[in-house]
**Q** 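Before we start, here is the structure in question, set down as structure tokens.
Quick note: numbers below take in every heavy atom, side chains included, and nothing from hydrogens, waters or symmetry partners. Computed from a predicted structure; not experimentally measured.
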Amino acid sequence: MTYAELEARFARFGKGEEQRSLIDSEHPLWLWAGVSRIGLPVFMVSEIPDECPVRLQSTTGIDVALMDGPQGKRVLVFRCEDIRMGGVFKRLCYDFVEASRDCRDVAEGLNVIGERFEDWRRLLQGKSSDRLTRQRQRGLFAELLFLEACLLTMPPAQAVNAWRGPNKGAQDFLFGPSWAEVKAITKGAASVEISSLAQLAPDHPGTLEVYTLETAEDVEGPKDAISLAGLVKRVRERIGEVGEARQSLDEKLLLAGYQDEDEAAYVTPLVAVDHRTYSVGDGFPRLTPESVPGGIVDAHYQLALHDLAAFQVPEEENRP
């Protein structure tokens with residue numbers, strides 16, 4: 001089953017009364033898609049024996065309840081309680097369906113669903129309904145530009161897996177022994193901010209990728225402008241509609257704070273007027289946990305761009 005097929009299943013229902021339908025008759029669990037009386041999506045796991053323990057807690061926008069069912073069997077119900085969370089909730093349901101597809105019995109399936117829900121609950125606990133700030137929009141825009149460049153030289157699954165920024169990785173991208181940290185600045189900026197001692201700390205070589213972003217109205221002459229929402233769509237199209245890479249991309253966009261429901265707020269066209277790659281290795285000016293005095297556990301600092309010229313990688317060599 002694809003995500004689009006599950007999404008279409010939810011779309012069949014109307015408002016006014018609770019409705020549900022079995023998701024997949026060949027799945028080892030009895031999984032149901034439905035809607036509440038006010039039209040918000042609901043996901044259920046039925047036929048749960050009493051001997052199967054279920055210990056799940058509700059989280060932001062999602063209520064979880066274990067209810068009595070017929071013949072001594074119980075029903076685990078996940079209810080979306082916030083219309084703005086509808087897209088996130090359906091993505092969670094799809095994750096439940098596919099992650100538990102190869103389970104041998106109900107107990108194993110519930111364990112898998114419980115583990116996946118805990119992953120998503122941690123994701124959602126820090127999530128607010130606030131949209132991305134302008135600064136965070138630009139940061140995500142730059143990371144997506146770099147991800148797009150990665151897609152030119154490696155398979156989609158490898159490129160998306162390398163993107164670690166949304167997972168709060170120390171570096172934005174990890175490529176086996178190599179890595180990349182991506183930054184967005186405005187035209188005329190004299191420095192770039194490094195936000196932790198860990199960002200440039202690996203002892204194996206990596207790169208600092210600096211994108212200069214301007215709004216389209218501030219750029220004269222021909223320009224290749226695109227909004228954040230447009231860039232998300234373009235990256236998705238290059239990866240494809242289905243598959244592990246697409247699912248991983250969508251989850252990372254959520255982790256980054258990007259919700260499709262808010263895309264109308266992300267339509268300001270931006271232009272990458274410059275992209276410079278700096279090789280980070282021996283001699284590069286940086287602070288690391290090993291280089292600062294004892295007692296300093298973290299630091300934010302600025303790197304002067306004019307002092308990085310000696311480390312700049314020629315344009316023809318700056319692809320991932």
Side-chain angles (χ1 to χ4, degrees), residues 60 118-119 121-128 130-147 149-150 159-213 228 251-258 272 274-314 317-318 320:
T60 306
E118 282 302 304
D119 290 341
R121 191 168 69 86
R122 284 192 292 270
L123 182 161
L124 295 168
Q125 275 180 334
K127 194 176 188 63
S128 71
D130 294 336
R131 294 167 179 155
L132 293 170
T133 63
R134 183 177 180 183
Q135 181 178 0
R136 291 180 64 196
Q137 288 180 49
R138 288 172 172 265
L140 178 57
F141 191 95
E143 289 182 32
L144 288 172
L145 285 178
F146 189 74
L147 175 60
C150 293
V160 176
N161 185 59
W163 185 26
R164 303 298 178 87
N167 301 91
K168 302 192 183 304
Q171 291 77 44
D172 291 321
F173 287 81
L174 291 178
F175 309 100
S178 184
W179 55 274
E181 180 64 28
V182 181
K183 297 295 183 182
I185 62 173
T186 57
K187 188 176 180 180
S191 63
V192 60
E193 181 177 353
I194 307 302
S195 56
S196 77
L197 293 177
Q199 280 194 333
L200 305 182
D203 54 10
H204 46 282
T207 60
L208 175 63
E209 308 286 338
V210 181
Y211 287 86
T212 302
L213 304 179
L228 176 58
E251 290 176 2
K252 290 184 178 187
L253 286 170
L254 287 172
L255 283 166
Y258 183 92
D274 189 39
H275 170 213
R276 300 188 183 188
T277 298
Y278 300 96
S279 179
V280 181
D282 292 342
F284 190 91
R286 54 179 168 166
L287 298 179
T288 68
E290 294 75 25
S291 68
V292 299
I296 297 178
V297 295
D298 208 354
H300 289 209
Y301 60 100
Q302 303 280 336
L303 286 176
L305 290 170
H306 65 79
D307 288 330
L308 301 183
F311 302 94
Q312 186 174 342
V313 177
E317 300 176 17
N318 69 357

**Q** Taking the side chain as C-beta and beyond, is there a heavy-atom pair between W163 and L144 under 4.5 Å?
**A** yes
**Q** Taking all heavy atoms of G206 and all of S178, pick out the closest pair and write down the distance.
**A**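 Closest pair (atom of G206, atom of S178, distance): CA-OG, 4.4 Å.
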**Q** Is L303 close to Y278 at the side-chain level, that is, under 4.5 Å between some pair of heavy atoms?
**A** no
**Q** What do the steps show when you test I194 against L287 for side chain to side chain contact (heavy atoms under 4.5 Å, CB included), and what is the final call?
**A** CA-CA 9 Å; I194 307 302; L287 298 179; over 6 Å; no
**Q** Is any side-chain heavy atom of I185 closer than 4.5 Å to one of L213?
**A**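 A side-chain contact is absent here, since even the closest heavy-atom pair is not under 4.5 Å.
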**Q** Quick one: list whatever passes ring pair (Phe, Tyr, Trp, His ring centres under 6.0 Å) with F141, sequence neighbours left out.
**A** none
**Q** Give the ring-plane orientation class for F311 versus F284, where under 30° counts as parallel, over 60° as perpendicular and anything between as tilted.
**A**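 The arrangement is perpendicular - the two ring planes meet at more than 60°.
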**Q** Once you measure the plane-to-plane angle for F173 and F146, does it fall in the parallel (<30°), tilted (30-60°) or perpendicular (>60°) bin?
**A**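 Answer is perpendicular, since the angle exceeds 60°.
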**Q** So how far is it from W179 CH2 to T207 OG1, rounded to the nearest 0.5 Å?
**A** 7.0 Å
**Q** For L308 and P285, which heavy atoms make the closest approach, and how far apart are they?
**A** CD2-CG, 3.7 Å
**Q** Using the test side chain to side chain contact (heavy atoms under 4.5 Å, CB included), find all partners of A309 that sit at least two apart in sequence or belong to another chain.
**A**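 For A309 there are no side chain to side chain contact (heavy atoms under 4.5 Å, CB included) partners, ignoring immediate neighbours.
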**Q** In Å and rounded to the nearest 0.5 Å, what is the OG to CD1 distance from S291 to I296?
**A**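 These two atoms lie 9.0 Å from each other.
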**Q** I need the full list of salt bridge (Lys or Arg N to Asp or Glu O under 4.0 Å) pairs touching residues 281-294, with sequence neighbours left out, sorted by first then second residue.
**A** none
**Q** Quick check: closest heavy atoms across A184 and R138, and the distance to 0.1 Å?
**A** CB-O, 3.6 Å
**Q** Identify, with sequence neighbours excluded, every residue that meets side chain to side chain contact (heavy atoms under 4.5 Å, CB included) alongside P205.
**A**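 For P205 there are no side chain to side chain contact (heavy atoms under 4.5 Å, CB included) partners, ignoring immediate neighbours.
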**Q** Is there a side-chain contact between E251 and P166 (heavy atoms, below 4.5 Å)?
**A** no
**Q** Looking at residues at least two apart in the chain, or sitting in another chain, which of them share a ring pair (Phe, Tyr, Trp, His ring centres under 6.0 Å) with Y301?
**A**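 Here no residue qualifies.
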**Q** So, applying side chain to side chain donor-acceptor pair (under 3.5 Å) with E209, which one of H275, K183, R276 is it?
**A** H275
**Q** When rounded to the nearest 0.5 angstrom, what is the spacing between CG in L197 and CG in D298?
**A**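 Output value for this atom pair is 4.5 Å.
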**Q** Hey, could you give me each pair passing side chain to side chain donor-acceptor pair (under 3.5 Å) that has a residue in residues 187-198? Not counting sequence neighbours.
**A** S191-Q302, E193-H300, S195-Q199
**Q** Do you know the tightest heavy-atom contact between A142 and Y211?
**A**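 It is O-CE1, 3.8 Å.
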**Q** Could you tell me whether the side chain of T277 reaches within less than 4.5 Å of the side chain of L208, counting heavy atoms only?
**A**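 Of all side-chain heavy-atom pairs linking T277 with L208, none is under 4.5 Å.
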**Q** Give a yes-or-no answer on whether the side chains of T133 and Q135 include a donor-acceptor pair shorter than 3.5 Å.
**A** no
**Q** Grab the two heavy atoms, one from A256 and one from L140, that are nearest each other, plus how far apart they are.
**A** CB-CD1, 4.1 Å
**Q** Do E181 and L200 touch side chain to side chain, with heavy atoms closer than 4.5 Å?
**A**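 In short, these two side chains touch, coming nearer than 4.5 Å.
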**Q** Any side-chain heavy atom of T212 sitting closer than 4.5 Å to one from T186?
**A** no
